[in-house]
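Structure first, commentary second.
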Amino acid sequence: MVSELPLDQVRTLLAVVDEGTFDAAATALHVTPSAVSQRVKALEQRTGRVLLLRTKPVRTTESGEVVVRFARQLARLERDARAELGMSGAGEPTRVSVAVNADSLATWFLGALTRVPRDVPVCFELRREDEDHTAALLREGLVMAAVTSSADAVPGCSVRALGRMRYLPVANPEFRETWLAGPLRDALPEAPVVTFDRLDDFQDAFVRRLRHGQGGASAVRHLVPTSEGFVAAVVAGLGWGMVPEMQAADLLTAGRLVNLAPQRPVDVPLYWQQWKLNSPALAAVATAVMETAVEMLRR
C-alpha cells in the first residue's frame, strides 16, 4: 500500500496552485512543463484522487486543498527549522498569514498584534474576509489562522473561543425622526439601509427577528465595503445599520447616533482557528490575540 507523499510532488502541486498554470510553475521551479505535469499526475495516482481542475488559473479540488494545506504547513516547518539551526535565511521574520473580518480589524485586532513580543521576528499578512467565510481560507491553506464565526474546526486546525462581538442597530437622530417615527418593526423595512457588500445580510436578519421571520431590510441600500466607511455612512444619515458596540459607544454618547432598539443587541461569537503547527511565531500571535480578546470582547 502506498502511504507516502513525495515531497517534490507536493511542492510541485503547491507551485502550480500559487502560480496558476503548469507553465508558470515550471518557470518558478526551473523545470520543464512536462516535468510539472508528470509530478502532479504521479501525486494524483498515488493519492487516488483528482487534485487539480485544469482550468486557467487552475483550481484545487477538495482533496487538492488537503494536500496544498499540508504543503504550506511543511514549508512553514522547514523555514522554522532552518532558522533554529542557523542556516541561510536565519533571522528572517516569519510571515504569519491571518484571515480576519473587517470589524475586528477596525476595532480590536490590530491592538492584539502590537502585543506580540518584539524578540519574535514576524511579519503579518492580513486578509480581510467576512467572519462567516474566513474558515474557507484556512481550509484552502491560504492562511495559517483566522478569526471566524465557526466553532467547527477546519481539518488540521485547532479552535478556541475568543468571545462575542456586540452589534447595535443605530442611525443618526435626524434619520430616525424622518424614517422611523412609527413602530420599528413596521418602519425599519421601508427605511434606507447601509450594508457592507452584496453578501451582507446582517441588517436583513435583524429585521426578520423583529418581524418573526418575515421580510428583510429595505431595497434602498447603500453598499459601503469598509468598516470605518460603514460607520461614517450611518453617521452621515445615508441609512441605518448594525454597528459594533466598540465603534458606536462614543458616537452614542456624543448624540451623533441613537440606538434604535436598546433591548435588542446582537452578539456574534468569534473563534480563533489555526493550523496545528509547532511554530513559535504562530504561537506568539495566538497568545496575543487571546489575551486581547479577553479584554475587548464580551464573554
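In what follows, residues are counted from 1 in the order of the sequence shown.
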Next on the checklist: In the structure I gave you, are the side-chain heavy atoms of Val285 and Trp272 within less than 4.5 Å of one another anywhere?
Outcome noted: yes

Checklist entry - Is it the case that more than 12 heavy atoms not belonging to Arg118 sit under 6.0 Å from its CZ atom? => result no

Checklist entry - What is the distance from atom CD of Glu125 to atom CG of Leu142, rounded to the nearest 0.5 Å? => result 9.5 Å

Checklist entry - Looking at the rings of Phe230 and Phe196, which for Trp means the six-membered one, are their centres under 6.0 Å apart? => result no

Checklist entry - What pairs meet the salt bridge (charged side-chain N to carboxylate O under 4.0 Å, His left out) rule with one or both residues in residues 143-156, with sequence neighbours excluded? => result none

Item to check | Joint hydrophobic cluster, Val122 plus Leu77, side-chain heavy atoms closer than 4.5 Å | outcome: yes

Next on the checklist: Applying salt bridge (charged side-chain N to carboxylate O under 4.0 Å, His left out), can you list everything that pairs with Asp204, at least two apart in sequence or on another chain?
Outcome noted: Arg221

Next on the checklist: Taking side-chain hydrogen bond (donor to acceptor under 3.5 Å, both in side chains) as the definition, give me every residue that meets it alongside Asp18, ordered by chain and number, with sequence neighbours left out.
Outcome noted: Arg72

Distance-only donor-acceptor hits, side chain of residues 55-66, under 3.5 Å, sequence neighbours excluded:
| residue | atom | partner | partner atom | Å |
| --- | --- | --- | --- | --- |
| Thr55 | OG1 | Pro57 | O | 2.6 |
| Thr61 | OG1 | Val50 | O | 2.6 |
| Thr61 | OG1 | Leu51 | O | 3.4 |
| Thr61 | OG1 | Ser63 | N | 3.4 |
| Thr61 | OG1 | Gly64 | N | 3.1 |
| Ser63 | OG | Arg49 | NH1 | 3.1 |

Next on the checklist: Suppose we screen for side-chain hydrogen bond (donor to acceptor under 3.5 Å, both in side chains). Which residues come up paired with Tyr271, at least two apart in sequence or across chains?
Outcome noted: none

Checklist entry - Below 4.5 Å, heavy atoms only, C-beta onward: do Arg76 and Leu277 meet side chain to side chain? => result yes

Item to check | Asp250 CG: over 12 foreign heavy atoms closer than 6.0 Å | outcome: no

Checklist entry - Tell me, do Asp103 and Ser227 make a side-chain contact under 4.5 Å, heavy atoms counted? => result yes

Item to check | Audit row: Arg46, Gln9, side-chain contact (heavy atoms from CB on, under 4.5 Å) steps and yes/no | outcome: CA-CA 10 Å; Arg46 184 172 288 266; Gln9 296 176 8; 4.2 Å; yes

Next on the checklist: If I compare all heavy atoms of Ala99 with all of Leu137, which pair ends up nearest, and what's the gap?
Outcome noted: CB-CD1, 3.7 Å

Next on the checklist: If you define the side chain from C-beta out and look only at heavy atoms, does anything of Val243 sit under 4.5 Å from Val231?
Outcome noted: yes

Checklist entry - With Glu295, which residues qualify under side-chain hydrogen bond (donor to acceptor under 3.5 Å, both in side chains), at least two apart? => result Arg115

Item to check | Distance-minimising heavy-atom pair for Ala106 and Gln247 | outcome: CB-NE2, 3.9 Å

Next on the checklist: For a 4.5 angstrom cut-off between non-hydrogen side-chain atoms, does Phe22 reach Val40?
Outcome noted: yes

Item to check | By salt bridge (charged side-chain N to carboxylate O under 4.0 Å, His left out) - contacts of Arg264 (at least two apart) | outcome: none

Checklist entry - Relative to each other, are the rings of Tyr167 and Phe202 parallel, tilted or perpendicular (30° and 60° limits)? => result perpendicular

Checklist entry - Can Trp179 be reached from Leu260 by stepping across I, L, V, M, F, W or Y side chains whose heavy atoms are under 4.5 Å apart? => result yes

Checklist outcome for this item: Smallest heavy-atom separation, Arg39 atom then Val31 atom, equals NH2-CG1, 3.8 Å

Next on the checklist: With side-chain contact (heavy atoms from CB on, under 4.5 Å) as the criterion, how do Leu199 and Asp130 come out once you've worked through the C-alpha distance, each side chain's angles and the decisive distance to 0.1 Å?
Outcome noted: CA-CA 9 Å; Leu199 299 178; Asp130 182 82; over 6 Å; no

Next on the checklist: Applying side-chain hydrogen bond (donor to acceptor under 3.5 Å, both in side chains), can you list everything that pairs with Glu228, at least two apart in sequence or on another chain?
Outcome noted: none

Checklist entry - With sequence neighbours excluded, what pairs up with Phe109 under the ring pair (Phe, Tyr, Trp, His ring centres under 6.0 Å) test? => result none

Item to check | Qualifying residues under salt bridge (charged side-chain N to carboxylate O under 4.0 Å, His left out), relative to Arg139, sequence neighbours excluded | outcome: none

Checklist entry - Does Val147 offer a backbone N or O that forms a donor-acceptor pair with the side chain of Thr134 under 3.5 Å? => result yes

Item to check | Linked, directly or transitively: Leu110 and Met165 (ILVMFWY side chains, under 4.5 Å) | outcome: yes

Item to check | Heavy-atom side-chain proximity of Val266 to Met242 below 4.5 angstrom | outcome: yes

Checklist entry - For the side chain of Asn172 and the backbone of Val235, is there at least one donor-acceptor N/O pair under 3.5 Å apart? => result yes

Next on the checklist: If you compare all heavy atoms of Leu126 against all heavy atoms of Leu113, which two are closest, and at what distance to 0.1 Å?
Outcome noted: CD1-CD1, 4.0 Å

Item to check | Hydrophobic cluster membership, Leu238 vs Leu188, 4.5 Å side-chain cutoff | outcome: no

Checklist outcome for this item: Between Cys123 and Pro93, the two heavy atoms sitting closest are SG-CG, 3.5 Å

Checklist entry - Would Trp240 and Val170 count as a side-chain contact (heavy atoms from CB on, under 4.5 Å) if you check the C-alpha gap in whole Å, the side-chain angles of each, and the deciding distance to 0.1 Å? => result CA-CA 6 Å; Trp240 72 276; Val170 296; over 6 Å; no

Item to check | Reported CG-to-CG distance for the pair Asp200 and Leu223, which is rounded to 0.5 angstrom | outcome: 8.0 Å

Next on the checklist: Applying side-chain hydrogen bond (donor to acceptor under 3.5 Å, both in side chains) to Ser104 and Glu131, what does each step give before you reach the verdict?
Outcome noted: CA-CA 9 Å; Ser104 290; Glu131 63 269 19; over 6 Å; no

Checklist entry - Do any pairs count as a salt bridge (charged side-chain N to carboxylate O under 4.0 Å, His left out) and have a residue in residues 157-180, sequence neighbours left out, and if so which ones? => result Arg166-Asp267

Checklist entry - Would you say Thr148 and Leu270 make side-chain contact, with heavy atoms under 4.5 Å? => result no

Checklist entry - Roughly how far apart are Glu78 CD and Gln73 CD, rounded to 0.5 Å? => result 14.0 Å

Item to check | Which atom of Arg69 lies closest to which atom of Leu138, heavy atoms considered | outcome: CD-O, 3.5 Å

Item to check | Option passing side chain to side chain contact (heavy atoms under 4.5 Å, CB included) with Val68 (candidates Val17, Leu52, Val16) | outcome: Val17

Checklist entry - Checking side-chain contact (heavy atoms from CB on, under 4.5 Å) for the pair Thr226/Arg128: CA distance, chi angles, key distance, verdict? => result CA-CA 10 Å; Thr226 69; Arg128 189 188 68 189; 4.2 Å; yes

Next on the checklist: To the closest 0.5 Å, what do you measure between CG (Leu13) and CG (Asp8)?
Outcome noted: 11.5 Å

Checklist entry - Got a sec, which pairs hit salt bridge (charged side-chain N to carboxylate O under 4.0 Å, His left out) with one end in residues 25-37, sequence neighbours left out? => result none

Next on the checklist: Is there a path of hydrophobic side-chain contacts, each under 4.5 Å between heavy atoms of I/L/V/M/F/W/Y residues, joining Leu105 to Met290?
Outcome noted: yes

Item to check | 4.5 Å side-chain heavy-atom contact, Gln273 and Val143 | outcome: no

